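To find a chain, count down the sequence lines: A is the first, B the second, and so on, and within it residues start at 1. Given the structure is predicted, the values throughout are model-derived calculations rather than measurements. Heavy-atom basis, side chains included; hydrogens, waters and symmetry copies ignored.
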2 protein chains.
Amino acid sequence: MANIHDVAQHAGVSIATISRMLSGENIRNRAAVERAISELGYRPNASARGLRLGRHHTIAVIVPDISNPYFAALVRGIEERAMAKGFRIIVASSDEKFTAESDVLGGLIDAVDAVAIVPAEASERTRRMLTELGKPVVLIDRTVGENPEFDLVHVDNAGGARMAAEYLLSLGHRRIGVISGRQETLPGQVRHTEFLDVLSAAGVEVKQEDTKIGEFTRAFGHQAACELMDTSSGITAVFVGNNTMAQGALLAFHAAGVSIPGDLSFLCFDDFDLAELLPAPVTVISRPAIAEGHAAADLLLARIDGADAGKPQEFRHMVLPVKLTIRKSCSEPPIH
Amino acid sequence: MANIHDVAQHAGVSIATISRMLSGENIRNRAAVERAISELGYRPNASARGLRLGRHHTIAVIVPDISNPYFAALVRGIEERAMAKGFRIIVASSDEKFTAESDVLGGLIDAVDAVAIVPAEASERTRRMLTELGKPVVLIDRTVGENPEFDLVHVDNAGGARMAAEYLLSLGHRRIGVISGRQETLPGQVRHTEFLDVLSAAGVEVKQEDTKIGEFTRAFGHQAACELMDTSSGITAVFVGNNTMAQGALLAFHAAGVSIPGDLSFLCFDDFDLAELLPAPVTVISRPAIAEGHAAADLLLARIDGADAGKPQEFRHMVLPVKLTIRKSCSEPPIH
DNA sequence: CTGAAAGCGCTAACAA
DNA sequence: TTGTTAGCGCTTTCAG
């Protein structure tokens, strides 16, 4: 581990000269220094530089669960942009727990320049914790507290829910079930209410017993589907709020021998691998996870530059489009 | 951002006392210091500590692509164990490129204590690059060069391939196609040759034209399946070396209207989500990605401790078991 | 264009 | 048990 002193000695100059060359200044015998650097395999020490500069070329990325394909793709998007600008990322999973986020960020914050987070809670304490970090923050997919002073990236949840509702309506469905995620989250809440609003405007009300709200998990999706089959025999279509719940629900319907779309039309948010290969290739509202990652990283990188340049910036909200991918899991309701 | 001086002043002691308390020593008025710390919201600066100690409580994790579900699960496993021991992880995707690995690690190495990597190449230059890092390294899933002096975690590829071959043989298949990944990688090579060896021992030879070798990608899997359909009409079963290639192949067979297992039995390495929901739920050799991550992190953490304690350790190879999950994509060959 | 020296925040001798 | 101090590797004044 050669350090700057070794290089200086090797090249017969002072350490200041090395440092200057590394930061792009012109020096007299650049050739000798370059040779010394490559001969010794010198790499500036990141900790020393971070300590001195207060900048670490590192972004903290906190997601609920890195092993969820959607979040993995999101992280990939952030990583691509960050790497391109010479930044690296520290990744942590929160398991949807505020305390995990808080602990991780507490121990991390003075080693990173910015934070990209899919927050577990929309709570006030989350907003406060993030504000107190004193570093650029971008919220992804979900908001937090009231008027958060952060950049924000999410997809057009309302538009997606609207397309879903209109599509189901256009096929003739009038008795529809809904499986939605936690209403304390932005996507959980917006997708749910917007979907119901569109139906309602068309004179279609979703019954209490046809509405299931819970965690964004495969387990809850499964449970909700089972409950729907138990208690409400009348629905002809179901709308599910995300991919993990959708997988659970699909498994439950399949196990119970419910034919899709013969007995039940199925529509959900988020695409997934192999969707085309299912017996009834599933129709989805898909969103661009990688692009969301790109947008989030761009926002952060811009703000880091801005902080350097001393120019304050407005907080920006980026809303990315979703699209309705029609496959074969929805049809007209069965005739009675 | 309060620092140790602020705390010392606030509590009326010297900075050394603070530092001591933080490292668990007994001090006289611990109460006052604790109060000062929480009032000022003091957090020791990670860069300063890293610079001073040369230890960073950080592990670099390099995988080919974090958005691949298998690698995402692997990272999750590493993360779980690392976090539990107070370590954090820096994640980077290499896109199967040596240069990316080398660049990333070069810029990273003096900010981390150890490296977990799924290396892109089994090449000698990879072995050398990793050795020159001078830090604990664990290789996951693949080896590198000859007699690498690293810990190694992988699954029982040979056993899995053997089970696959025996299962297909037991169903009566005699003309079998193989789609395998890059032979420069451990799993690519072992799965391929072991599979062929078992068949060969049973007197079954796989024809040249029924063997497709390429990248571990969805695109290659698709292409290979298409080629198989074009050139070799005689195969009754196909064995695919991993999940991404399997997805591509499945898509191709489906598009061509090949019925599984009616026309063709299908068996692959790696489980995937929704496998049970496919028209022919696919039979797989599945491996424990999270457990591999746990094992890798444990090895690294032990070695970091060992380095501290000055006790040298043997390099350890951990081989985790795989299992044959029989679903419905394999049957007896069609009768002619 | 260059070098000497201060100091980022912390830990670990060393002295008391 | 405590305080003083050197120094981890680097960047950046300040003089030259």
*Going by the ring pair (Phe, Tyr, Trp, His ring centres under 6.0 Å) test, which pairs reach into residues 100-126 of chain A, not counting sequence neighbours?*
none
*asked:* Please enumerate all residues that pass side-chain contact (heavy atoms from CB on, under 4.5 Å) together with T185(B), with sequence neighbours excluded.
replied: R142(B), R182(B), P187(B), F216(B)
For residues 104-111 of chain A, tabulate all N or O donor-acceptor pairs below 3.5 Å that involve a side-chain atom, not counting sequence neighbours.
none

*Contacts to DNA chain D from residues 30-46 of chain B, heavy-atom cutoff under 4.0 Å, which residues?*
none
*When you measure from every atom of DNA chain C, which of residues 5-17 of chain A have a heavy atom less than 4.0 Å away?*
V13(A), S14(A), A16(A), T17(A)
_With ring pair (Phe, Tyr, Trp, His ring centres under 6.0 Å) as the rule and sequence neighbours excluded, what pairs involving residues 74-133 of chain A come up?_
H57(A)-F87(A)
*If a pair satisfies side-chain hydrogen bond (donor to acceptor under 3.5 Å, both in side chains) and one of its residues is in residues 61-75 of chain B, list it, with sequence neighbours excluded.*
R76(A)-D65(B), D65(B)-S67(B), Y70(B)-R287(B), Y70(B)-E292(B)
Give each protein N/O atom lying under 3.5 Å from an N/O atom of nucleotides 14-16 of chain D, with the pair distance.
none

With a cut-off of 3.5 Å and sequence neighbours excluded, list every side-chain donor-acceptor pair involving residues 31-43 of chain B.
unit_1: E34(B); atom_1: OE2; unit_2: R30(B); atom_2: NE; d: 3.3
unit_1: S38(B); atom_1: OG; unit_2: R35(B); atom_2: O; d: 3.3
unit_1: E39(B); atom_1: OE1; unit_2: H10(B); atom_2: NE2; d: 2.8

*With sequence neighbours excluded, what pairs up with R81(B) under the side chain to side chain donor-acceptor pair (under 3.5 Å) test?*
H294(B), D298(B)
*Do any pairs count as a ring pair (Phe, Tyr, Trp, His ring centres under 6.0 Å) and have a residue in residues 101-129 of chain B, sequence neighbours left out, and if so which ones?*
none
Check: residues 120-131 of chain B side-chain donor-acceptor pairs under 3.5 Å, at least two apart:
unit_1: E121(B); atom_1: OE1; unit_2: S123(B); atom_2: OG; d: 2.5
unit_1: E121(B); atom_1: OE1; unit_2: R125(B); atom_2: NE; d: 3.1
unit_1: E121(B); atom_1: OE2; unit_2: R125(B); atom_2: NH2; d: 2.7
unit_1: S123(B); atom_1: OG; unit_2: T126(B); atom_2: N; d: 3.2
unit_1: S123(B); atom_1: OG; unit_2: T126(B); atom_2: OG1; d: 2.8
unit_1: E124(B); atom_1: OE1; unit_2: R127(B); atom_2: NE; d: 3.3
unit_1: E124(B); atom_1: OE2; unit_2: R127(B); atom_2: NE; d: 3.0
unit_1: E124(B); atom_1: OE2; unit_2: R127(B); atom_2: NH2; d: 2.5
unit_1: R127(B); atom_1: NH1; unit_2: T131(B); atom_2: OG1; d: 3.4
unit_1: T131(B); atom_1: OG1; unit_2: R127(B); atom_2: O; d: 2.7

